[in-house]
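Report on one structure; see the data block that follows.
We count residues from 1, following the sequence as given. Treat the numbers as computed from the prediction; the structure is a model and nothing was measured. Just the heavy atoms: all of them, side chains too, but no hydrogens, waters or symmetry mates, feed the values below.
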Amino acid sequence: MIPRPGSADEPGAADQPEEEAAAFRCTPVSGRDNPHRSSTGVAVSGHGWWDKGTCSNNRAMVWNCLYEWYTDNTWRRKACSPRKELAPGGGSANRTVARHNCDNTALTSWRNHVDVDVIGEWDTAEQPYRQADVRCRVF
């Protein structure tokens, strides 16, 4: 879904077996909303944020991407937010945003995937998503 760049380059990745490293991972809570029509015009939008979960650090790199469903049974990535260093909690000033203009308003299924990488800690690699039908189609 969302490529996880640099995961093999994380500190200590070569020094610890996967099972041992997994025992020391924290689990952040990845926040995301349903894909929706943007208030700024005819565009699809999605946001990403995080909360600490079992992690101790209070900064994370967060990004989110929007995927559109195609009739050939594939999800295609249409937009990604920039990576942003965020404190936990969300709110309009503390989140990422991915947005893509629509070609028309045909009802189409969209997914908003979010990735959270806690700074200075090993964290889990899941990239959860929310899915919704939105009156936005991109060709």
(message) Going by disulfide bond (SG atoms under 2.5 Å apart), name the pairs with one or both residues in residues 106-139, residues two or more places apart or in two chains.
(response) C102-C136

(request) Taking N112 for its side chain and N64 for its backbone only, find out whether a donor-acceptor pair lies under 3.5 Å. (result) no

(message) Pair D123, R25 - check side-chain contact (heavy atoms from CB on, under 4.5 Å), show working.
(response) CA-CA 5 Å; D123 60 76; R25 288 186 179 156; 5.8 Å; no

(message) Check for me, please, whether V114 and V118 land in the same ILVMFWY cluster - side-chain distances under 4.5 Å, paths through other members count.
(response) yes

(request) List, by chain and then residue number, the residues other than I119 in its hydrophobic cluster (Ile/Leu/Val/Met/Phe/Trp/Tyr, side-chain heavy atoms under 4.5 Å); write none if there are no others. (result) M61

(message) For residues 26-53, which residue pairs pass the salt bridge (charged side-chain N to carboxylate O under 4.0 Å, His left out) check, not counting sequence neighbours?
(response) none

(message) What's the separation between atom OG in S81 and atom CZ in R95, rounded to the nearest 0.5 Å?
(response) 11.5 Å

(message) Which residues pass the salt bridge (charged side-chain N to carboxylate O under 4.0 Å, His left out) test with K78, not counting sequence neighbours?
(response) E68

(request) Please name all residues satisfying side-chain hydrogen bond (donor to acceptor under 3.5 Å, both in side chains) with T108, sequence neighbours left out, ordered by chain then number. (result) R137

(request) Could I get the full list of side-chain hydrogen bond (donor to acceptor under 3.5 Å, both in side chains) partners for D133, not counting sequence neighbours? (result) S109

(request) Mind checking the CH2-OG spacing from W49 to S92? Nearest 0.5 Å is all I need. (result) 11.5 Å

(message) Just verifying a value: how many Å separate E126 CD and S30 OG, rounded to the nearest 0.5 Å?
(response) 6.0 Å

(request) Check A60 against V116 and note the closest heavy-atom contact, atom names and distance. (result) CB-CG1, 3.8 Å

(request) Only pairs at least two apart or in different chains count here, so list each ring-ring contact (aromatic ring centres under 6.0 Å, His included) that has a residue in residues 26-45. (result) H36-H47

(request) Supply the members, apart from V44, of the Ile/Leu/Val/Met/Phe/Trp/Tyr cluster built from side-chain contacts under 4.5 Å; use none for a lone residue. (result) L66, W110, V134, V138

(request) Drop me the distance from T27's OG1 to E121's CD, to the nearest 0.5 angstrom. (result) 10.0 Å

(message) If you compare all heavy atoms of A79 against all heavy atoms of A98, which two are closest, and at what distance to 0.1 Å?
(response) O-CB, 4.0 Å

(request) Return the set of residues passing side-chain hydrogen bond (donor to acceptor under 3.5 Å, both in side chains) with N73 (not counting sequence neighbours), or none when no residue passes. (result) none

(message) Quick check for you: to the nearest 0.5 Å, what is the distance between D117 atom CG and W50 atom CH2?
(response) 10.5 Å

(request) Name all residues meeting the side-chain hydrogen bond (donor to acceptor under 3.5 Å, both in side chains) criterion together with R76; count only those two or more places apart in sequence or in a different chain, and write none if there are none. (result) D72, T74

(message) Within the structure provided, determine whether P88 and N58 are in side-chain contact (heavy-atom separation under 4.5 Å).
(response) yes

(message) Between T105 and V42, is the side-chain contact (heavy atoms from CB on, under 4.5 Å) condition met? List the steps.
(response) CA-CA 8 Å; T105 56; V42 184; 4.2 Å; yes

(message) Using the side chain to side chain contact (heavy atoms under 4.5 Å, CB included) criterion, which residues pair with R99? Sequence neighbours excluded.
(response) S38, T40, A43, S45, V97

(message) Apply the hydrophobic cluster definition, ILVMFWY joined by side-chain contacts under 4.5 Å directly or through others, and give me every member besides Y70.
(response) none

(request) State the CH2-CD distance between W75 and Q131, to the nearest 0.5 angstrom. (result) 3.5 Å

